[in-house]
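Okay, structure first, notes after.
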Amino acid sequence: ENEPDWSINGSDFEFNGGITIVVNGEDGNVLSDSGDMIAAFDTNGDIRGVASEDLCGTCAQAAPFGPYAGDYLFTLTVYGSSGDELSFKLYDSSEDEVITLSETVTFEPNMNIGGATSPEIFTPVVAENEPDWSINGSDFEFNGGITIVVNGEDGNVLSDSGDMIA
């Protein structure tokens, strides 16, 4: 299991602020769900905030009303100093994976960003180096197929669904 052990002691910090977040996939549909967790990190990778049902039942739940009613929102308390740049990661429990999110926030003491009716919309990082490989089969007289499995030095399979090889 890849569930992270994200935690923070808020009393270690002088200042805090709040942000309400909904995480959407590339298709615009809500990606987060019950059992998921979100965390904020400073530029050194130190945790500056965590929200999940297990930590505080109401800081990660489906919105009870408004335009996001039924969508899973995170109400995250973040800690830091004025000007700290915060990045975010989502643990997707249904896929058992940690997903880096694209958006960043500059911390300000007592900030209050988003809300149940207007959360900040965060999205997963899209791989910048994904190749744009395409081929027109009619350009060739013959075709064939090869089945390939990519293994590491330890013999474990390295390739996964969605991987590409050429």
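Predicted model, so just to flag it, every value in this text is computed and none were measured.
A donor-acceptor pair under 3.5 Å is formed between the side chain of Asn9 and the backbone N or O of Ser11. Side-chain atoms of Asp92 do not come within 3.5 Å of backbone N or O of Asp96 as any donor-acceptor pair.
Within the model, atoms CD1 of Ile38 and CG of Leu101 stand 5.5 Å from one another, a figure rounded to the nearest 0.5 Å. Distance check, rounded to the nearest 0.5 Å: CZ of Phe15 to OG of Ser81 gives 7.0 Å. For the atom pair CG of Leu55 and CH2 of Trp6, the computed distance is 11.0 Å after rounding to the nearest 0.5 Å. Between Asp71 atom CG and Asn24 atom CG the span is 7.5 Å, to the nearest 0.5 Å. A distance of 10.5 Å separates OG of Ser82 from CG of Asn110, quoted to the nearest 0.5 Å. Atoms CG and OG, from Asn2 and Ser93 in turn, are 12.0 Å apart once rounded to the nearest 0.5 Å.
When Asp36, Leu90, Val22 are each tested for a side chain to side chain contact (heavy atoms under 4.5 Å, CB included) with Leu31, only one passes: Leu90.
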Please determine whether side chain to side chain contact (heavy atoms under 4.5 Å, CB included) holds for the pair Val105 and Ile113, giving the CA-CA distance in whole Å, both sets of side-chain angles, and the decisive distance to 0.1 Å. CA-CA 9 Å; Val105 170; Ile113 301 172; 3.7 Å; yes
Go through the steps to decide whether Ile19 and Glu120 satisfy the test side chain to side chain contact (heavy atoms under 4.5 Å, CB included), and finish with yes or no. CA-CA 8 Å; Ile19 182 168; Glu120 289 295 298; 4.1 Å; yes
CA sep, side-chain torsions, deciding dist, call: Thr123, Glu103, side chain to side chain contact (heavy atoms under 4.5 Å, CB included): CA-CA 7 Å; Thr123 56; Glu103 292 69 23; 3.0 Å; yes
Passes side chain to side chain contact (heavy atoms under 4.5 Å, CB included), Val98 versus Glu3? Steps please. CA-CA 8 Å; Val98 174; Glu3 183 173 345; over 6 Å; no
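Between Arg48 and Phe41, the closest side-chain pair of non-hydrogen atoms is not below 4.5 Å. Side-chain contact between Tyr68 and Ile121 is present, with at least one heavy-atom pair separated by less than 4.5 Å. Residues Ile47 and Tyr79 fail the side-chain proximity criterion, which asks for heavy atoms closer than 4.5 Å.
Shown here for Pro124 and Ile99, the closest heavy-atom pair between the two residues is CB-CG2, 3.6 Å. Between Ala116 and Thr20 the shortest heavy-atom distance is N-CG2, 4.3 Å. Smallest separation of non-hydrogen atoms from Thr117 and Pro67: O-CG, 3.4 Å. Nearest heavy atoms, Gly35 versus Tyr72: N-OH, 3.9 Å. The shortest heavy-atom contact between Ala60 and Ala51 is CB-C, 4.5 Å. The heavy-atom pair separating Phe74 from Ser32 by the smallest distance is CE1-CB, 3.6 Å.
Side chains of Glu85 and Thr104: a donor-acceptor N/O pair is present below 3.5 angstrom, by distance only. Side-chain contact annotation: Glu53 with Ser34, donor-acceptor N/O pair under 3.5 Å present. Side chain to side chain, Asp54 and Ser52 fail the donor-acceptor criterion of an N or O pair below 3.5 Å.
Evaluation of the ring-ring contact (aromatic ring centres under 6.0 Å, His included) test over residues 80-120, restricted to residues two or more places apart or in two chains, returns Phe88-Phe122.
With hydrophobic clusters built from ILVMFWY side chains whose heavy atoms lie under 4.5 angstrom apart, Met111 does not share a cluster with Val50. Taken together through direct or relayed side-chain contacts under 4.5 Å among Ile, Leu, Val, Met, Phe, Trp and Tyr, Ile21 and Val30 form parts of separate hydrophobic clusters.
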